[in-house]
Visitor: 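Please find one structure pasted underneath; my questions will follow.
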Amino acid sequence: MSEQFAEVIVDVPSMQTNQPYTYAIPTEWIGQVFPGMRVIVPFGKRKILGFTTKILSKRPGVSFKIKEIEEVLDLTPVLNTEMLEMASWLAKWTFSFKISCLQVMLPAAMRASYNKTIKLTSTDVSEEVKQLFDEQNEVKFDSKELSADVFKKLSKLSREKKAEVIYQVHDRARTKKVTVIKSLLNTQEVQKQKELLRVNADKLRLLLDFLGKIGSQILTQKDAIKKTGLSAAVFTQGEKKGWLKKEKVEKYRDPYRDAEIKRTKPKQLKAAQQKAVERIDHSIVQQQDKVFLLQGVTGSGKTEVYLYTIACALKNKQTALMLVPEISLTPQMVRRVKSRFGSNVAVLHSGLSEGEKYDEWRRIERNDATVVVGARSAVFAPLENIGIIIMDEEHETSYKQEDMPEYNARDVAIKRGSWHHCPVVLGSATPSLESRARAQKGVYEWLRLDERINGQPLPEVQLIDMRQELKRAPAVDISTPLLDAIKQRLEQKEQVVLMLNRRGYSSFIMCRECGFVLKCPNCDISLTLHMDSHSMKCHYCGHEEPIPRTCPSCQSKKIRYYGTGTEKVEQELQQLLPETKILRMDVDTTRRKGAHAKLLRQFGNKEADILLGTQMIAKGLDFPDVTLVGVLNADTSLSLPNFRSAERTFQLLTQVSGRAGRADKLGQVVIQTFNPKHYAIQLAKKQNYEKFFGIEMNMRHRGGYPPYFFTTQIVTSGPNEADVAKKMFEIDGQLKQVLSSQAVILGPTPKPIMRINNQFYYQLVIKYKKEPELDAFLEDLLLNSQKEARQKLKLKIDRDPIDFI
DNA sequence: AGCACGCCGACT
DNA sequence: GTCGGCGTGCTC
């Protein structure tokens, strides 16, 4: 082979560089560079990281001069064919840069860190200038770290060629190495060596005894030192004598190692579980890339079904991927999986350090772990030969990434399923309407678990009409019936969980007399309060009207903006129940790493009587002594200017209700609401998902929202409002040419929080069923938006946005 | 993204 | 005159 070239995607996230660049492979590397490796390449004056995507054996006929790859960082590809193809698909699907898609699939440790230094090369400079440099005449050259003054002086030197700027790229990935000890002697040899020892060679004798004892076992030097009390020097001596061998071995930073986990046996399955397992196992064995919707009420044993099917995949000599929302990836959850599959399990979540994440990734990549449990980004775990992909709580919106690339792990999971010819199981008690509708149409196979494992009834749910109760409530946020229930439970030495629904805090107006919420006449969506313009605005269509002084429905003056904080409630509650220990769990108290788990542990140890928190307490926690769950304000999420508000409210209430009385004690749920008649609340009370599904589908159909229509959101932003608006209306005009009459455009409208960091935001939402031209148009739009060099004007496209406020 | 090049106003 | 402000275009 005489020459080789590589196509490289460079680490420059911009539209203009969103294409492969061709580099020559250095002679010494020819034949050893493959697609999916990380390389360092010269790019302009700089050196940057890149990913090889294609290897060419012929010099391409191009006019530009081809530079050489500077360094190859990996000996084997870090991204396989599946991942490379996935990256291309993802870039197109999410309108993202290829480089962002490649990076998102790897642990952060495998990204590059860039360093710039400047070296003085001339002696013809003033003393003052010399002072700026160190002994090697070098100094860090970073506009952010240096004062503007110094930076200017250094830049000038560079321009005058009196100093040279040096660009460095570092691979942050470092493996941890550990020394292990292996005995090279058998029992007879140990005896023989012992006889040869001098009488006073006590240390060496002890070492020989130890070597005799461990036999062929390999253990770390650290452990050996601990066990024998001998120093490292003695082991070195032993190595010199040829008794033992020391080796450097890669060590994984295992975050869960200390907790020795007992292995548990599979539980006996109920008939419905058994049937679900059979259906899924069949698909695993037959290598069908089918999607299942596993719909099971809280406590119906979905997790056990997951574990069985994982076992089936493993038995089939395949691997398994299980996705869980970050928030329910608790130690209990991890223990449950580890106790079944032991050290085969790798866990990926945001609580791990960069190094830990990298090590878990390496374990998976080397097939040392065959079961992966993780949050959103774990969907890219480098598993091969996947036999089953599970997504628990599939309706959770946290599966969608908020920043580039804005992928939905559900889409990626299904894509991987079809690549690996394996089933994907979407599990939920309250499936997203999209998934449930697909199950209806037979696109997904529908599996149901309607009974709870222990056969106990769902907790009794009581609705408190706050329109009535507020007049005589002991506190603004707590009604008398709820307070009584709390007192009763505390007397019985049982625990209480109170949830404050904080979503949509302070953004809408509601009548405290009748529960009326001002809605848009065109969109059937709550209007949002704008204090800057003193008006109510619809973020979908742009409709605007004055803030009402009296309730349009009941003429009451008690119409005002609605919202409340956990701190305030905690105070109120403490006043009403001075003797009670309350734990507060919200964004403020859980900001620190591990704080979340600590609070839950405290509550689990019964160090507190009441756990008061926001949404985050609704998921995954399972405390046997909690017999009362209270929802202080069911309405906030209901009145969000969002077509999913009813769905979210229903899901949240259903989920939180499931938290009560999971053990042998019967649970009680109290929901305070200003809208006791609303179908989402009524049906959550009855835990009737199916009926909710029917009504909500009807609403979506009438409003033309998903799952009947696809949606794509376009957002432009920039420092000049007129420019931003103009661009948006321009796009609106172009879209009208491209789209068929079936499609609907909402907007353009300014975003509710119009100005963040002096940037103005405008948005537009396209609702459509089938628009074959749309993707090409949007791609073009994105490309031109940067080429137009209307710089400072940013454009973002979000396919299937979670919400568009 | 960065970096260079180039065109303008406002300083030693 | 030149310094440095930012707009424009390019990076294999």
Side-chain angles (χ1 to χ4, degrees), chain A residues 3-26 29 33 35 37-72 91 96-104 111-118 126 128-129 140-170 403-405 717-720 723 758-759 782-796:
Chain A
E3 275 186 316
Q4 267 196 332
F5 300 86
E7 288 192 351
V8 175
I9 301 290
V10 292
D11 182 12
V12 182
S14 83
M15 213 57 216
Q16 293 132 82
T17 51
N18 193 28
Q19 44 147 355
Y21 286 81
T22 314
Y23 287 88
I25 295 173
W29 279 98
V33 182
M37 287 183 173
R38 294 173 306 152
V39 290
I40 292 168
V41 290
F43 196 67
K45 265 196 86 177
R46 301 179 287 158
K47 292 186 198 339
I48 56 173
L49 184 89
F51 289 85
T52 55
T53 51
K54 202 173 170 187
I55 306 300
L56 315 167
S57 46
K58 270 203 210 112
R59 175 175 287 272
V62 288
S63 52
F64 51 79
K65 76 164 197 284
I66 295 175
K67 290 187 185 173
E68 255 195 7
I69 289 175
E70 176 108 1
E71 208 183 320
V72 182
S96 305
F97 308 128
K98 292 194 177 79
I99 188 66
S100 311
C101 296
L102 291 164
Q103 307 245 51
V104 81
R111 290 186 198 171
S113 69
Y114 297 100
N115 235 342
K116 217 168 49 164
T117 60
I118 186 163
S126 68
E128 191 208 345
V129 166
K140 265 219 171 116
F141 188 49
D142 185 341
S143 63
K144 282 174 202 113
E145 274 181 53
L146 296 170
S147 74
D149 181 49
V150 174
F151 187 77
K152 265 180 204 162
K153 278 185 186 144
L154 293 173
S155 307
K156 197 175 160 212
L157 285 173
S158 159
R159 245 177 289 121
E160 291 166 341
K161 302 263 187 287
K162 286 178 177 171
E164 183 194 357
V165 181
I166 303 164
Y167 296 85
Q168 292 159 313
V169 191
H170 292 281
D403 35 47
M404 171 100 97
S717 61
N720 183 334
D723 284 353
N758 284 319
Q759 295 281 309
L782 211 53
L783 200 69
N784 290 331
S785 75
Q786 298 227 338
K787 261 192 188 150
E788 264 178 338
R790 290 251 232 131
Q791 69 293 107
K792 286 176 180 169
L793 213 144
K794 285 187 209 135
L795 193 139
K796 206 189 78 173

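Heavy-atom basis, side chains included; hydrogens, waters and symmetry copies ignored. In what follows, every chain begins at residue 1, and chains take the letters A, B, ... in the order their sequences are listed. Values in this document were obtained by computation on a predicted structure and should not be read as measured data.
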Visitor: Taking atom CD of A:Gln4 and atom CD1 of A:Ile55, what is their separation to the nearest 0.5 Å?
Guide: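 Between atom CD of A:Gln4 and atom CD1 of A:Ile55 there are 6.0 Å.
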Visitor: Side-chain contact, heavy-atom cut-off 4.5 Å: A:Val39 with A:Leu49?
Guide: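 They are not in contact (no side-chain heavy atoms under 4.5 Å apart), so the answer is no.
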Visitor: Does A:Tyr167 place a side-chain N or O at less than 4.0 Å from the phosphate oxygens OP1/OP2 of B:dC3?
Guide: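 Yes, because at least one side-chain N or O of A:Tyr167 sits under 4.0 Å from OP1 or OP2 of B:dC3.
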Visitor: Output the rounded distance in Å from NZ (A:Lys161) to P (B:dA4).
Guide: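 These atoms are roughly 9 Å apart.
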Visitor: I need the CZ-P distance between A:Phe97 and B:dG2, as an integer number of Å.
Guide: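 Value for this atom pair: 13 Å.
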Visitor: Can you tell me how the ring of A:Phe151 sits relative to the ring of A:Phe141, calling it parallel under 30°, perpendicular over 60° and tilted otherwise?
Guide: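 Plane angle under 30°, so parallel.
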Visitor: Tell me whether the count of non-hydrogen atoms from other residues, nucleotides or ligands lying under 6.0 Å of NZ in A:Lys67 goes above 12.
Guide: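 More than 12 within 6.0 Å, yes.
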Visitor: Tell me, do A:Leu782 and A:Leu795 make a side-chain contact under 4.5 Å, heavy atoms counted?
Guide: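 With C-beta onward as the side chain, the pair touches.
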Visitor: What is the nucleic acid contact for A:Pro42, judged by heavy atoms within less than 4.0 Å: base, sugar-phosphate only, or nothing?
Guide: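 Sugar-phosphate: the residue A:Pro42, judged by heavy atoms under 4.0 Å, touches backbone atoms but no base.
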Visitor: Could you state the atom-to-atom distance from CD of A:Glu68 to C1' of C:dC12 in whole Å?
Guide: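 Roughly 13 Å, once rounded to whole Å.
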Visitor: Which residues in residues 43-51 of chain A have at least one heavy atom lying under 4.0 Å from any atom of DNA chain C?
Guide: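 Per residue number, the list reads A:Phe43, A:Gly44.
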Visitor: Without decimals, in angstroms, what is the distance between A:Glu3 CD and C:dC12 P?
Guide: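 It is 18 Å, rounded to the nearest whole Å.
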Visitor: Could you check how far CD1 of A:Ile99 sits from P of C:dC12, rounded to whole Å?
Guide: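 Spelled out: CD1 on A:Ile99 to P on C:dC12 is 15 Å.
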Visitor: For B:dC3 and A:Lys116 - does any side-chain N or O of the residue sit under 4.0 Å from the phosphate oxygens OP1/OP2?
Guide: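 So the side-chain polar atoms of A:Lys116 do come within 4.0 Å of the phosphate oxygens OP1 or OP2 of B:dC3, strictly under.
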Visitor: Does the side-chain contact (heavy atoms from CB on, under 4.5 Å) test come out yes or no for A:Val12 and A:Arg46, once each step is laid out?
Guide: CA-CA 11 Å; A:Val12 182; A:Arg46 301 179 287 158; 4.0 Å; yes
Visitor: Between P on C:dT11 and OH on A:Tyr114, what's the gap in Å once rounded to a whole number?
Guide: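 From A:Tyr114 OH to C:dT11 P: 18 Å.
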Visitor: Nearest-Å distance, CD (A:Glu7) to P (C:dT11)?
Guide: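 Rounded to the whole Å, the gap is 16 Å.
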Visitor: Checking A:Thr52 side chain against A:Met37 main chain: does a donor-acceptor pair fall under 3.5 Å?
Guide: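 Checked: pair present.
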Visitor: A:Lys67 has an atom NZ; how far is it from atom C1' of C:dC10, in whole Å?
Guide: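 These atoms are roughly 11 Å apart.
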